[in-house]
Amino acid sequence: MSGAKQPANGAAAPASNFIRQIIDADNASAKHGGKVITRFPPEPNGYLHIGHAKSICVNFGIARDYGGVCHLRFDDTNPAKEDVEYEESIKEMVEWLGFSYRDHLFYASNYFDQLYLFAEHFIERGLAYVDSQSAELMRANRGTFEKPGIDSPFRSRTVVENLALFREMRDGKHADGAHVLRLKIDMASPNINLRDPAIYRIRHVAHHRTGSKWCVYPLYDYTHSISDAIERITHSICTLEFEAHRPLYDWVLAKLVEAGKLPAPSPQQIEFARLNLSYTVLSKRKLLELVDTGIVNGWDDPRMMTLAGLRRRGFSPASIRLFAERTGASKAHQWVDMADLERALREDLDTTATRAMAVLDPVKVVIENWPADTTELCSAPAHPHDESRPRREFKLGRELYIEREDFMEVPSKGFFRLVPGGEVRLRYGYIIKCERIEKDADGNIATIFASYDPATKSGTPGGRNVKGAIHWVAAVDGLRAEVRLYDRLFSIENPDAGEGDYKTHLNPNSLRVVQAWLEPSLVAAQIDQSYQFERMGYFTPDRVDSTPSKLVFNRAATLKDGWKPG
RNA sequence: AGGGGAGUCGCCAAGUGGUAAGGCACCGGAUUUUGAUUCCGGUAUACGUAGGUUCGAUCCCUUCCUCCCCUGCCA
């Protein structure tokens, strides 16, 4: 009865949490007849980020585990800020994350008629009034945390007066800001949200869905509670900052239920802690600023923790779901390390990513005893634990490239790659020995001259082996490509807590671009597919800049590196 | 006259009167032509603090401390 616990992708079953406990209890008492309906209610005024992803996973995940449904509902009550562009992006990202909203797409704006009628109902019951104070005066009269507010001089308007005025507001007879419709609750409430909250304001602005039909638009608390009830949401899961709004949510619904306008039982608002990620910022305002000031290249910049950015960077939907599952849902403020996101990525990609070899910082190797102008075909599995996938092939010739960091002229203790006079295996190829090196005018190693042992071809039964194996790309069939190496955008854990503006803590090395050598199989690399460049990390073709004639790869994450030079 | 929340291992997070799950990280060791993966094994005398109730308290009561949220005609 504790919800069908279906692992998201072979991972452990979702842990019990306080939300699921509430649902279990409701199911046990048949409060909602065993139904579970949740909702993800974004305002279409920005792009989704990793924090939203967690909320999506919580809401859609619970619906899935309990055999219920999760509504995608656009909270589009503020036409001045919202746009279809955002709506489309949000829908795309929800789907990309692996959740379907097909038959469960809703809009708060679809309830505008109903919301309006309910507002008149509140007026008729003497529970709402038109306030004509200025915004400034309203603020002043609301009181403070310690001091109760004082009643508006318009609080005692008659029902007839209120109704007439509200209809005039609706009919466009008044300017923006001239009046506002307020619930009549309690100006002395210790909870400021209950001090006669405004529920309708005048906005002579066209709405992207309702056009110019309305010039009065309902506010969040009023709209959200009623929308939930109309959709028969059973559990309305939101973040902690709405805790103080719950009494208002309950008040609105209770009044409508007692009048027979809405069915019982009402949905229950449940709040959980939002996600905080280290080394980044997640507020819409800051994300926008990073884009507007050109610090990043757009909303889908791979360094951005937006879902568009994460996707472009090479994060898989499954890895984000795994991450959301691991961080769980609770009421304690959580501060999660960015590295945890990368670990979830590695865990997912290790089992799925096709392998390939790529040299990101090339140094040339010449095998002097390799016959000139000859090559030999080598092959390698697409995945080390899945031999059923077609193998990849590439050539080995006299000249090739290896990673600069795989050679040390003066090796650190414990270094077992290539050193002067030492041997190393060319993965899937032969064992080579470094005979001598040649440096350029600046003292950098220009070429490594080596010899190979013909008896050591990869796969030779009973052949000898050496400890180190390094990746390489032959000059004959290697591909050139641009590779973008990303790192965290900020250099301190909490950019907001440091001294000064968060933008003073940018990591200057958050993007490095290198020209790499890739093995030939990578010409066929697909957008949205991840590749493990062996020993280097997980990469994906850049979805906007990569073309077959000019390959561009993004690094999503490095591989775990257990070697500590000593 | 203020109100509402939260404090359990480095990071998440269960448990809620019967003597501290799990994940990640970390540390050993085995396998490995990725210093990856995988596999074994280890890791809180301890639940913000001080008291109290109880045979027994992370869980109940009280004190104190720390942190977060709320004074938009934003959501």
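As a basis for the values below, the full set of heavy atoms in this structure was taken, side chains included, without hydrogen atoms, waters or symmetry mates.
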- Message: Using whole Å, what does the distance between atom P of nucleotide U32(B) and atom CD of E534(A) come to?
- Response: 17 Å

- Message: Students often get this wrong, so: under 4.0 angstrom with heavy atoms, is R417(A) touching a base, only sugar-phosphate, or nothing?
- Response: base

- For E403(A) and G35(B), give me the distance from atom CD to atom P, rounded to whole Å. 12 Å

- Rounded to the nearest angstrom, tell me the gap between atom CG in N17(A) and atom P in G23(B). 18 Å

- Query: Taking only N and O in the side chain of Q334(A), is any of them less than 4.0 Å away from OP1 or OP2 of A13(B)?
  - Reply: yes

- Message: What is the separation between atom CZ on R20(A) and atom P on A13(B), rounded to the nearest whole Å?
- Response: 15 Å

- Could you tell me whether the phosphate oxygens of U33(B), OP1 or OP2, come under 4.0 Å of any side-chain nitrogen or oxygen in S458(A)? no

- Message: Roughly how many Å apart are A6(B) and A13(B), using the P atom of each and rounding to a whole number?
- Response: 13 Å

- Note on the structure: Whole-Å distance, R274(A) CZ to C12(B) P, equals 16 Å

- Of all heavy-atom pairs linking Y428(A) and S379(A), the shortest is CB-O, 3.9 Å

- Task: Could you list the residues that satisfy side chain to side chain donor-acceptor pair (under 3.5 Å) with R201(A), not counting sequence neighbours?
- Result: none

- Validation row: Q532(A), D350(A) side chains within 4.5 angstrom (heavy atoms): yes

- 5' precedence on RNA chain B between K147(A) and A332(A) (nearest-nucleotide basis): K147(A)

- Message: So, using salt bridge (charged side-chain N to carboxylate O under 4.0 Å, His left out) as the criterion, who are the partners of D75(A) when residues are at least two apart?
- Response: none

- Message: When the C1' atoms of G22(B) and U43(B) are compared, how many Å lie between them, rounded to an integer?
- Response: 14 Å

- Query: L194(A) has an atom CG; how far is it from atom C1' of G2(B), in whole Å?
  - Reply: 14 Å

- Message: Tell me every residue that passes salt bridge (charged side-chain N to carboxylate O under 4.0 Å, His left out) with R427(A), counting only those two or more places apart in sequence or in another chain.
- Response: E534(A)

- Between CZ of R425(A) and P of U32(B) the distance, given in whole Å, is 14 Å

- With sequence neighbours excluded, residues passing side chain to side chain donor-acceptor pair (under 3.5 Å) with Y452(A): none

- Query: Contact class for Y428(A) (heavy atom, under 4.0 Å): base, sugar-phosphate, or nothing?
  - Reply: base

- Task: Would you mind building the protein contact string for nucleotides 24-29 of chain B? One character per nucleotide, 5' to 3', B for base within reach (heavy atoms under 4.0 Å), S for sugar-phosphate only, - for untouched.
- Result: SSS---

- Does any N or O in the side chain of D337(A) come within less than 3.5 Å of the main-chain N or O of L277(A), such that one atom is a donor and the other an acceptor? no

- R464(A): side chain to side chain donor-acceptor pair (under 3.5 Å) partners, not counting sequence neighbours: E423(A), D453(A)

- Query: So what does A344(A) touch, heavy atoms closer than 4.0 Å: a base, only the sugar-phosphate, or nothing?
  - Reply: nothing

- Rounded to whole angstrom units, what separation is found between the OH atom of Y452(A) and the P atom of U33(B)? 22 Å

- Message: Give me the stems containing RNA chain B, sorted by first residue, counting only three or more consecutive Watson-Crick or G-U pairs with both distances under 3.5 Å; say none if there aren't any.
- Response: B:2-7 with B:65-70, B:10-12 with B:22-24, B:26-30 with B:38-42, B:50-52 with B:60-62

- Item | Conformer about C1'-N of G41(B) - syn within 90° of 0, anti elsewhere | anti

- Task: Please work out if F272(A) contacts a base, only the sugar-phosphate, or nothing of the nucleic acid, heavy-atom cut-off 4.0 Å.
- Result: nothing

- Query: Choosing from A14(B), A13(B), U33(B), which nucleotide comes nearest the side chain of N465(A)?
  - Reply: U33(B)

- Item | Candidates A1(B), G5(B), G35(B) - which lies nearest the side chain of D561(A) | G35(B)

- Message: Within the 4.0 Å heavy-atom criterion, would you say Q532(A) contacts the bases, only the backbone, or no part of the nucleic acid?
- Response: base

- In whole Å, what separates the P atom of G5(B) from that of U62(B)? 15 Å

- Message: With a cut-off of less than 4.0 Å, is there a side-chain N or O of R246(A) near OP1 or OP2 of G4(B)?
- Response: no

- Task: Using the C1' atom as the reference point in each nucleotide, state the distance between A44(B) and A21(B) in Å, no decimals.
- Result: 13 Å

- Query: For every nucleotide of nucleotides 64-75 of chain B, 5' to 3': is a protein heavy atom under 4.0 Å from its base (B), only from its sugar-phosphate (S), or from neither (-)?
  - Reply: ----SSBBSBSB

- Task: Between C40(B) and C47(B), how far apart are the P atoms? Round to whole Å, please.
- Result: 32 Å

- Task: For C67(B) and U8(B), measure between their P atoms and round to the nearest Å.
- Result: 15 Å

- Note on the structure: The complete set of salt bridge (charged side-chain N to carboxylate O under 4.0 Å, His left out) pairs with one or both residues in residues 235-250 of chain A, sequence neighbours excluded, reads E241(A)-R274(A), E243(A)-K331(A), R246(A)-E271(A)

- Message: The criterion is side chain to side chain donor-acceptor pair (under 3.5 Å); which residues satisfy it with H174(A), sequence neighbours excluded?
- Response: E168(A), H179(A)

- Query: Looking for any heavy atom pair under 4.0 Å, which part of the strands does G459(A) touch: base, sugar-phosphate only, or nothing?
  - Reply: base

- Task: Answer with yes or no whether H471(A) presents, from its side chain, a donor or acceptor under 3.5 Å of a partner atom in the base of U34(B).
- Result: no

- Item | Crowding at NZ, K433(A) (>12 non-hydrogen neighbours, <6.0 Å) | no

- Which nucleotide in the list U37(B), U34(B), A6(B) gets nearest to the side chain of D350(A)? U37(B)

- Item | Given G35(B), G5(B), A36(B), the nucleotide with the shortest approach to the side chain of L559(A) | A36(B)

- Item | Qualifying salt bridge (charged side-chain N to carboxylate O under 4.0 Å, His left out) pairs, either residue in residues 131-144 of chain A, two or more places apart | D131(A)-R182(A)

- Item | R285(A) to Y502(A) - nearest heavy-atom pair and separation | NH2-CE2, 4.1 Å

- Query: Which whole number of Å gives the distance between the P atom of G23(B) and that of G18(B)?
  - Reply: 24 Å

- Item | P atoms of G10(B) and C27(B), separation to the nearest Å | 15 Å

- Passing candidate, ring pair (Phe, Tyr, Trp, His ring centres under 6.0 Å) with Y217(A), options F112(A), Y111(A), Y200(A), Y116(A): F112(A)

- Task: With sequence neighbours excluded, tell me which residues meet side-chain contact (heavy atoms from CB on, under 4.5 Å) with A474(A).
- Result: W472(A), V476(A), D477(A)

